Visitor: 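Here's a structure for you.
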Amino acid sequence: MSSPYIGRVAPTPTGYLHRGHGQTFIVAWKRAQKRGGELLYRDEDLDPQRCRPEFSEAALEDIRWLGIEWDQGPDIGGPRGPFRQSERKKHYLKAWEKLKASGFIYPTTRSRKELTNAAQAGLAQYAPPDEDEQDGEPIFPPAWRPEPGAGLEADEPGNMNWRMRVPDGLAVKFVDGYFGARSYVAGRDFGDFLIWRRDGIPSYELAVVVDDIEMGVTEVVRGADLLRSTARQLLIYLALQTKPPAFFHCPLVRDSAGNRLAKRSESEALRSFREKGFTPKEIYARKRPEESSPQVTETASEA
Ligand code: GLU
């Protein structure tokens with residue numbers, strides 16, 4: 001309990017933020033505040049094909065509108081930056097080199113498309129769905145793994161997909177601040193996951209772990225859709241021989257039909273609420289009967 005609390009909000013600028021993102025960021029902010037900690041803002045604009053600068057700007061604006069204040073971020077700078085993932089590639093490369101040197105990752109010519117096709121043809125298993133996911137991902141077939149050591153002489157990650165060699169059968173366990181004890185079995189709940197894409201982009205899993213380590217984050221607050229990712233990320237922490245932060249996953253906010261909110265659902269966008277004249281307080285006070293996010297609302301006020 002000696003290190004000061006450092007939390008973060010980490011939107012991905014692929015669309016406008018919705019009510020659910022806002023809820024998670026409020027929880028992250030309150031948890032940092034309550035602990036006298038610092039809050040970082042990280043723009044996860046990793047994927048140039050999917051992310052757009054106007055959504056980065058919109059996210060800053062929307063999160064500010066919620067009343068959330070951060071101590072360091074892309075708009076105000078700070079010693080833990082840079083705060084845009086597009087500017088942090090050299091940090092990801094260093095981690096890639098380390099993982100490669102220790103044999104935890106391997107390059108493969110198998111594409112994601114091939115994996116999907118194999119799963120559809122019954123030649124690769126699917127991970128079981130969990131309560132927050134419609135479908136589990138296809139598991140990269142162990143038979144497709146190269147021999148240990150193959151391809152590791154590469155100086156750069158380009159032209160190949162690089163995957164983490166997961167320890168099949170190992171139960172990855174952690175205690176989540178909201179959901180309590182969780183356990184995911186490597187090779188069953190997730191397979192060899194991407195570390196670096198052949199189009200030159202590091203994977204989400206790698207980038208987030210590297211950033212959280214280098215920014216000194218002590219608690220990760222994010223949506224429950226990333227619970228299973230936490231198990232993957234814990235394997236990266238282990239491989240990098242770094243102590244992981246604490247985790248607090250917020251239950252997902254659903255629409256009145258019980259579906260997860262999506263960035264494309266315009267009516268749930270924070271800016272739609274703002275344009276209609278709602279205040280942030282009204283959005284989260286469940287003034288409107290059709291809204292139902294009781295657990296999250298409680299979490300926000302307890303946090
Ligand atoms: N950028 C991710 C998102 O918007 C969150 C990543 C994380 O918190 O680890 O869903």
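When a ligand or atom number is given, it counts from 1 through the structure's own listing order. It should be emphasised that the depicted structure is a prediction, and the values quoted were computed from it without experimental measurement.
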Visitor: Going by distance only, is there an N or O of Y204 that falls short of 3.5 Å from an N or O of ligand 1?
Guide: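 Yes, since at least one N or O of Y204 sits under 3.5 Å from an N or O of ligand 1.
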Visitor: Pick out which of P157, P107, S203 makes a side chain to side chain contact (heavy atoms under 4.5 Å, CB included) with W196.
Guide: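 Of all the options given, the one that passes is P157.
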Visitor: Within the structure, does K263 bring an N/O atom to less than 3.5 angstrom of an N/O atom in ligand 1?
Guide: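 By distance alone, the answer is no.
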Visitor: Would you mind telling me if ligand 1 is within reach of the side chain of H21, the backbone, both or neither, using heavy atoms under 4.0 Å?
Guide: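 Neither part.
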Visitor: Does the separation of the ring centres of W96 and Y92 fall below 6.0 angstrom?
Guide: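 Centroid distance W96-Y92: not below 6.0 Å, so no.
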Visitor: Could you tell me whether ligand 1 has any atom less than 4.0 Å away from a heavy atom of R42?
Guide: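 No, R42 has no heavy atom closer than 4.0 Å to ligand 1.
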Visitor: Give the residue and atom name of whichever protein heavy atom lies nearest to atom 9 (O) of ligand 1, and the separation in Å to one decimal.
Guide: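 The protein heavy atom lying closest is R222 NH1, 2.7 Å.
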Visitor: Can you confirm if the NZ or CZ of K276 lies within 45° of the ring axis of F278 and under 6.0 Å from the centre of its six-membered ring?
Guide: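 No, a cation-pi geometry is absent between K276 and F278.
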Visitor: Tell me if the centroids of the rings in Y16 and F55 come within less than 6.0 Å of each other.
Guide: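 Close enough - the centres of the two rings lie under 6.0 Å apart.
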Visitor: I need the nearest protein heavy-atom contact for atom 6 (C) of ligand 1: residue, atom name and distance, please.
Guide: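 Protein heavy atom with the smallest distance to atom 6 (C) of ligand 1: E44 OE1, 3.3 Å.
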Visitor: State whether the shortest distance between N or O atoms of A10 and N or O atoms of ligand 1 falls below 3.5 angstrom.
Guide: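 By distance alone, the answer is yes.
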Visitor: Just checking, is any N or O donor in the side chain of D45 or S56 under 3.5 Å from an acceptor N or O on the other one?
Guide: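 No.
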Visitor: Which part of V208 is near ligand 1, with near meaning a heavy atom under 4.0 Å away: side chain, backbone, both or neither?
Guide: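 Only the side chain of V208 comes within reach of ligand 1.
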Visitor: What protein heavy atom sits nearest atom 8 (O) of ligand 1, and how far away is it?
Guide: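 The protein heavy atom lying closest is R8 NH1, 2.6 Å.
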Visitor: Between D75 and W70, do the side chains contain a donor N or O and an acceptor N or O under 3.5 Å apart?
Guide: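 Distance-only check passes for W70 and D75.
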Visitor: Applying side chain to side chain contact (heavy atoms under 4.5 Å, CB included), run through T230 and L234 and close with a yes or a no.
Guide: CA-CA 6 Å; T230 294; L234 284 170; 4.2 Å; yes
Visitor: Which residue and atom name correspond to the protein heavy atom nearest atom 4 (O) of ligand 1, and how close is it?
Guide: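 Its nearest protein heavy-atom neighbour is T12 OG1, 3.2 Å.
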